[in-house]
Protein chains: 2
Amino acid sequence: MTVSRALRDPDKVSAKTLEKIKAVVDRLGYVPDPAASALAAGKTNVIGVIVPSVTNNVFSDVMRGIYEAAEGSKWQIQLGNSRYSPLEEESLVRTFLSQKPAGLILSGLDQSEETSKLLMGADCRIVQIMECGPDPFDMMIGFSHVDASAAATRHLLDAGYERPGYIAARLDPRSQRRLAGFKAAAEKAGVFDPARIVTTPRASTVTLGCELVADLLSKAPQTDAILCNNDDLALGALFECQRRGLRIPEDIGLCGFNDLEMMAAANPPVTSVRTFRLAMGREALRMLTGALAGIEPETPVVDLGYEVIARQSTARVG
Amino acid sequence: MTVSRALRDPDKVSAKTLEKIKAVVDRLGYVPDPAASALAAGKTNVIGVIVPSVTNNVFSDVMRGIYEAAEGSKWQIQLGNSRYSPLEEESLVRTFLSQKPAGLILSGLDQSEETSKLLMGADCRIVQIMECGPDPFDMMIGFSHVDASAAATRHLLDAGYERPGYIAARLDPRSQRRLAGFKAAAEKAGVFDPARIVTTPRASTVTLGCELVADLLSKAPQTDAILCNNDDLALGALFECQRRGLRIPEDIGLCGFNDLEMMAAANPPVTSVRTFRLAMGREALRMLTGALAGIEPETPVVDLGYEVIARQSTARVG
DNA sequence: TTGTATGCGTTATCAT
DNA sequence: ATGATAACGCATACAA
């Protein structure tokens, strides 16, 4: 019993005993059994993280933030991949909950009915990431996708483009909200034309960016700017426009979303909407572990905002 | 006890009892406690995976392969991020082993002395991924980085380039072996010049690809082809060459490594060395779970090979 | 095929 | 500050 205390909370043991214990632990190479601990205590140091994709750059940055913030602490990150499927998400939540986790980090606002039920009854802290919305299960950190893409749209219009189009792949809930933001801003400016929207359920790739641009330009050749649902598509769009001899930004403007590192290095550099993915992961974990330590966040919902990074690809001359 | 059996091995229970049990399990929403199971059985269904980076595209593809192969099975994937640090790797191995995992998947051949000791004494199956080498702890699946980059180098020479350079970032063991492969092939052809090698300890980015090319061309302006340690650098190299008005492939040839999806979409399409990352993850998990089920692989070391995908960026005319 | 007794290694609780 | 006891929920070994 004293050993158990010494290892978990050294202050509760006299210095002398502590020393003795440490020596023996070292000599024997003793390592506590987490399973026995979990069984006896009825809880674990596991923090479950569920993301829709482990390949997508966006989520890998968030994951990195989470791992960095957890580094060296007692918290164990456990990663689940829902592959954009609400059913797989539900199954993962079930699995995680059976492990009596200390906390759960989920992506987005659109959990299924069943998942919501599980989460409401869950005896752990929860952080939703990637978006901001009105009704967090517990805590939330992200930004408004509608606002961010509306801002990007206005940037295109302010730059002098008059017939903006939109390309998107895999319409997950966040993509749909970005599309809605574009539509709202374009309608407000009186430049919305559904013929200039091209989408597909396929997953985003650079190649797909090329194809979507080809589609868009054949359907609506007058398009003079393209807002891309993410930077992979934007890179494809850049390549495809250049292959067609279109000058960027003179003939056509280009804007991405997320501001991956490559956008600044491109030729020409591509305008994008910066999002704070590393910080989001880091802060999500901090909110969670803080709450577990009894320190509640000032507000349950944290909006990290976004920033339109204007570059040459939308710097129309004249 | 019968319930325990029914849930783990339904065949050992009569159909009638099974049905009754299922009904009650459903009604009560019973979920077994993995901690209690681990404690009683002295083992778990956890498969620990340690990768050096969760951001790098290369590893995210491998991870995806692992997750896909584990989907729906009883095996629980647990991911650790060693951030290219042998010490963090050692700490992760220690943590994983305390959980009595069924298996471990590690990256590379270069575990520390201490890590090796831990692994030799470990009571679980082990798969090393990313590389092939002579002395697996247990099983191994990957390819030869030396051979792959030597093949890429020969491709450049066969295409008629005569003064190939090499750019690389973050010289982890695999990068070093790729550099060694380039050097060996270039020396063999009598075209090796250390002035045409530019490296940095910084992590690979597209922007860094631009900078390294700038460096290379200022140190060795006669360079007529660049072999890039990975595709991020290659993309940066593409942009930087184009910014400088160099024609690809006429003035300078370009070859990447890994064949990320974007290389085929680029303008011009960029030659790269294809590696089988998704398959590597998938097969690593299959080898592991197969072995756990008593089915040993035909050979402990599996070489997945590589393929030089020649594209326009090295199609020199004349 | 089903059930009983026992123990896994830790922690909560209470006592000293 | 330290220690004794019981309990956590499941699986092993064995019995019926």
Side-chain angles (χ1 to χ4, degrees), chain A residues 1-46 48 73-76 78 94-103 118 121-124 292-294, chain B residues 1-48 73-76 78 94-103 121-124 292-294:
Chain A
M1 194 53 235
T2 306
V3 172
S4 174
R5 264 193 290 259
L7 265 37
R8 283 180 303 156
D9 198 348
D11 296 343
K12 290 194 174 167
V13 163
S14 75
K16 220 180 197 169
T17 324
L18 186 59
E19 207 166 328
K20 257 195 287 184
I21 289 176
K22 274 190 177 165
V24 178
V25 161
D26 261 22
R27 191 161 55 75
L28 265 46
Y30 167 80
V31 179
D33 181 334
S37 168
L39 183 58
K43 63 181 182 188
T44 66
N45 291 331
V46 167
S73 76
K74 67 174 177 178
W75 304 110
Q76 294 271 330
Q78 202 150 333
R94 220 179 282 278
T95 305
F96 278 136
L97 288 183
S98 79
Q99 304 184 43
K100 313 209 170 109
L118 288 171
D123 180 29
C124 70
L292 289 169
Chain B
M1 192 53 234
T2 306
V3 173
S4 174
R5 266 192 291 257
L7 265 37
R8 284 179 304 153
D9 198 347
D11 295 343
K12 290 195 173 167
V13 163
S14 74
K16 221 180 198 167
T17 324
L18 186 59
E19 207 166 327
K20 258 195 287 185
I21 289 177
K22 274 190 177 166
V24 179
V25 162
D26 261 22
R27 191 161 56 75
L28 265 46
Y30 168 81
V31 180
D33 181 335
S37 166
L39 182 59
K43 62 182 181 187
T44 65
N45 292 331
V46 167
I47 293 177
S73 76
K74 66 174 178 179
W75 304 108
Q76 294 271 330
Q78 200 150 334
R94 220 179 280 279
T95 305
F96 277 137
L97 288 183
S98 80
Q99 304 185 42
K100 314 212 172 104
D123 180 29
C124 71
L292 289 169

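The sequence lines fix the lettering, A, B, ..., with proteins before strands; numbering per chain opens at 1. Hydrogens, waters and symmetry mates are skipped; everything else that's a heavy atom, side chains included, is used. Predicted, not measured: the structure shown is a model, and the values here were computed from it.
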Under 3.5 Å, which donor-acceptor pairs do the side chains of residues 35-45 of chain A form with other protein atoms, sequence neighbours left out?
| residue | atom | partner | partner atom | Å |
| --- | --- | --- | --- | --- |
| A:Thr44 | OG1 | A:Val46 | N | 3.2 |
| A:Thr44 | OG1 | A:Gln99 | O | 3.4 |
| A:Thr44 | OG1 | A:Lys100 | O | 2.9 |

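- Distance check: A:Lys74 NZ to A:Leu292 CG gives 8.0 Å after rounding to the nearest 0.5 Å.
- Within residues 12-25 of chain B, the residues that have a heavy atom under 4.0 Å from DNA chain C are, in order of number, B:Val13, B:Ser14, B:Thr17.
- Here the CD-CD1 distance, from B:Gln78 to B:Ile47, works out to 11.0 Å after rounding to the nearest 0.5 Å.
- Every side chain to side chain contact (heavy atoms under 4.5 Å, CB included) that A:Asp11 has, sequence neighbours left out, goes to A:Asp9.
- The separation between B:Leu7 atom CG and D:dG9 atom P is 16 Å, rounded to whole Å.
- Residues forming a side chain to side chain donor-acceptor pair (under 3.5 Å) with A:Ser4 (at least two apart in sequence, or on another chain): A:Arg8.
- Counting non-hydrogen atoms of other residues, nucleotides and ligands closer than 6.0 Å to CG of A:Asp26 gives a total above 12.
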Summarise protein proximity over nucleotides 7-16 of chain C in one line of letters, 5' to 3': B for base, S for sugar-phosphate only, - for none, counting protein heavy atoms closer than 4.0 Å. BBBBBB----

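- Between B:Pro32 and B:Tyr30, some side-chain heavy-atom pair lies under the 4.5 Å cut-off.
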Which donor-acceptor pairs under 3.5 Å do side chains of residues 14-25 of chain A form with protein atoms, sequence neighbours excluded?
| residue | atom | partner | partner atom | Å |
| --- | --- | --- | --- | --- |
| A:Ser14 | OG | A:Thr17 | N | 3.3 |
| A:Ser14 | OG | A:Thr17 | OG1 | 2.5 |

